[in-house]
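The first residue of the sequence shown is numbered 1, and numbering continues consecutively from there. Quantities reported herein were computed from a predicted structural model and do not represent experimental measurements.
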Amino acid sequence: MTGAVLAAVEGNVTAIGYGLAAIGPGIGVGIIFGQGVNAIARQPELTGVIRTNMMLGFVLTEALALIGLVAPFIFQSIK
């Protein structure tokens, strides 16, 4: 009986943990695009370079979020 309860709590803790971990990349993406728009407004002639750097930062930030999503499944299958 207690094993089933612990398994249910463990699953919920994993979901809550990933939800909390997703806050970081969300904040990071907001900062990337906010500062990118600010940079383009200040120097419109560098729009292409700034946009490229924004996309690179976005991709790397989202990759971390996706790794965080997949990692619990990988570690769960190792047990």
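Here Leu56 contributes atom CG and Thr52 contributes atom OG1; the two are 9.0 Å apart, rounded to the nearest 0.5 Å. Once rounded to the nearest 0.5 Å, the distance linking CE of Met55 with CZ of Phe33 reads 4.0 Å. Note: Ile27 CD1 to Thr61 OG1 = 12.0 Å, rounded to the nearest 0.5 Å. Interatomic distance, CD of Glu45 versus CD1 of Ile50, reported as 8.0 Å (0.5 Å rounding). Atom-to-atom distance recorded for Asn38:CG and Ile31:CD1 is 13.0 Å, nearest 0.5 angstrom.
Between Ile32 and Met54, the shortest heavy-atom contact is CG2-O, 3.6 Å.
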